[in-house]
Amino acid sequence: MIPFSPPRIDQKIIDEVIDTLKSGWITTGPKTKLFEKRLSEFNGAPYTLCINSATSGLELMLRWYGVGAGDEVILPAYTYSATANVVIHCGAKPVFVDVGDDFNINPEQVRKAVNSRTKVIMPVDFGGYPCDYDAIFAIVNDGQVKNLFQAGTPEQKMLGRILVLSDAAHSLGATYRGKRTGSIADCSVFSFHAVKNLTTAEGGAVSLNLPVPFNNESLYKMFCVRILHGQDKDALAKTQRGNWRYDIVEAGYKMNMTDILASIGLVELDRYAADTLVKRKWICEQYDAAFKDKPWAVLPVMDSATTHSCRHLYPLRIRDAAEAQRDDILQRIFNRDVSVNVHFIPIPMMSFYKSLGYDIGHYPNTYKLYASEISLPVFYDLTEAQIHTVTSAVIQSVEEVMAS
Ligand SMILES: *Cc1c(COP(=O)(O)O)cnc(C)c1O
């Protein structure tokens, strides 16, 4: 069976983890701090905070911006449920909008959804393809939209507009107008979950890129305390001789990354651009070549004049396939020993969100894309022979179903 997205665990990763285990320091410490620094250098973001998951990072930033009851947060209907669940945790209302054919949030629909309750827009760089950030910033900076904005907290007054909080869970290393994600939106949240392009097993990071008068360095320092109980000294500082006394300055969270996990991230990041991304691009090119002449294949957009994907997913679409036909094709591909997936089941189709009154009928393009989508395996160790098995399984399965 060809797996869908196994992590790349080689001797280098194992050695680095063992080095941490033997160092006497396993939780947040020097390797986490180094990983943060390397991530900022890579992204071009002023500061990056490592954290235990992207989900925590999104919630941390929503709460920092004072999002709560009566507020609205705009996000695509087509994303993983974490993007919406955190809005619910804060007591605010998720406002879903439809996506375009690139699977990303449609700026025209965002503009229609904005009102005086809107506090945040959460674009999702689907599959690693960055959203149209110029269009999104044109909305939040528009004079009329700014006049609508009702600032209720000091942070909201300081920004004076809707916050652009990017769910960049998929898009580490992707670029938009020459900038890597992390240095485009106000804040960008990355995921290092086991299936993501760069993994630490579980983990995430928040890149802080807020405009003046915000001070990203002091925000970073404040967040380091906030993600560790609100304790004014971290565990490493407390190990210094006689440095035992500490204070709790706020009711903080427990969201810190451990050095064991950061050591995996350091190895992964070191070879990310020159090795991981090159291999992923090559795999996607093999898929493009196999399907480009098939009349039933709608190939995913990976590059445009402004935008370059980091190829987190290969979301193939089967032209005119109904949901049941796609499901049938998917099963036949599995029967040929190839693991495939669907990204994602849109949030308005989930029972919890249906129970709140959301209806997929309001997001026709999201449904159309979902119904015909099949994600193919993309991972570092995928071989040329395996790619051939995948493409043959897909072609045979599609042609069996769509011919009948
Ligand atoms: C994986 C994912 C998340 C959550 O990431 P975690 O690190 O598991 O919390 C959020 N949004 C999207 C779009 C994702 O794919």
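Everything numeric in this text was worked out from a predicted model, so none of it was measured. We count ligands from 1, going down the list as the structure has it; atoms in each ligand are counted the same way.
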Nearest protein heavy atom with distance in Å, relative to [atom]:
| atom | value |
| --- | --- |
| atom 5 (O) of ligand 1 | Ser191 OG, 3.2 Å |
| atom 8 (O) of ligand 1 | His193 CB, 3.8 Å |
| atom 15 (O) of ligand 1 | His170 NE2, 2.6 Å |
| atom 9 (O) of ligand 1 | Thr55 OG1, 2.5 Å |

### Task
Would you confirm whether Thr391, through its side chain, and Ile387, through its main-chain N or O, come within 3.5 Å as a donor-acceptor pair?
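Side chain of Thr391 to backbone of Ile387, a donor-acceptor pair under 3.5 Å: yes, one is there.
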### Query
Which ligand 1 atoms does Ala169 reach within 4.0 Å, using its non-hydrogen atoms?
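With Ala169 as reference, the close atoms of ligand 1 come out as 2 (C), 3 (C), 10 (C), 11 (N), 12 (C), 14 (C).
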### Query
Looking at Thr79, which atoms of ligand 1 are within less than 4.0 Å of one of its heavy atoms?
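Per the distance check, 13 (C).
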What part of [X], side chain from CB on, backbone N/CA/C/O, both or neither, has a heavy atom under 4.0 Å from ligand 1?
| X | result |
| --- | --- |
| Ser53 | both |
| Asp167 | side chain |
| Thr83 | side chain |

### Task
For the residue pair Asp288 and Tyr314, confirm or rule out a side-chain donor-acceptor distance under 3.5 Å.
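Short answer, yes.
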### Task
Please report the shortest heavy-atom distance between Gly203 and Met257, naming the atom on each side.
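Of all heavy-atom pairs spanning Gly203 and Met257, the closest is CA-CE, 4.1 Å.
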### Message
On a heavy-atom basis, which atom in Cys284 and which in Arg311 lie closest, and how many Å separate them?
### Response
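Cys284 and Arg311 have their closest heavy atoms at SG-CG, 3.3 Å.
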Between [X] and [Y], is the ring centre distance below 6.0 Å?
| X | Y | result |
| --- | --- | --- |
| Tyr370 | Tyr78 | no |
| His170 | Phe344 | yes |
| His343 | Phe4 | yes |
| Phe35 | Phe192 | yes |

#### Entry: Polar proximity ligand 1 side, Ala54 side, N/O cut 3.5 Å exclusive
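Yes.
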#### Entry: Heavy atom of Lys196, distance to ligand 1 below 4.0 Å
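Lys196: in contact with ligand 1 (<4.0 Å).
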### Query
Do any heavy atoms of Gly203 fall under 4.0 Å from ligand 1?
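Distance cut 4.0 Å: Gly203 passes for ligand 1.
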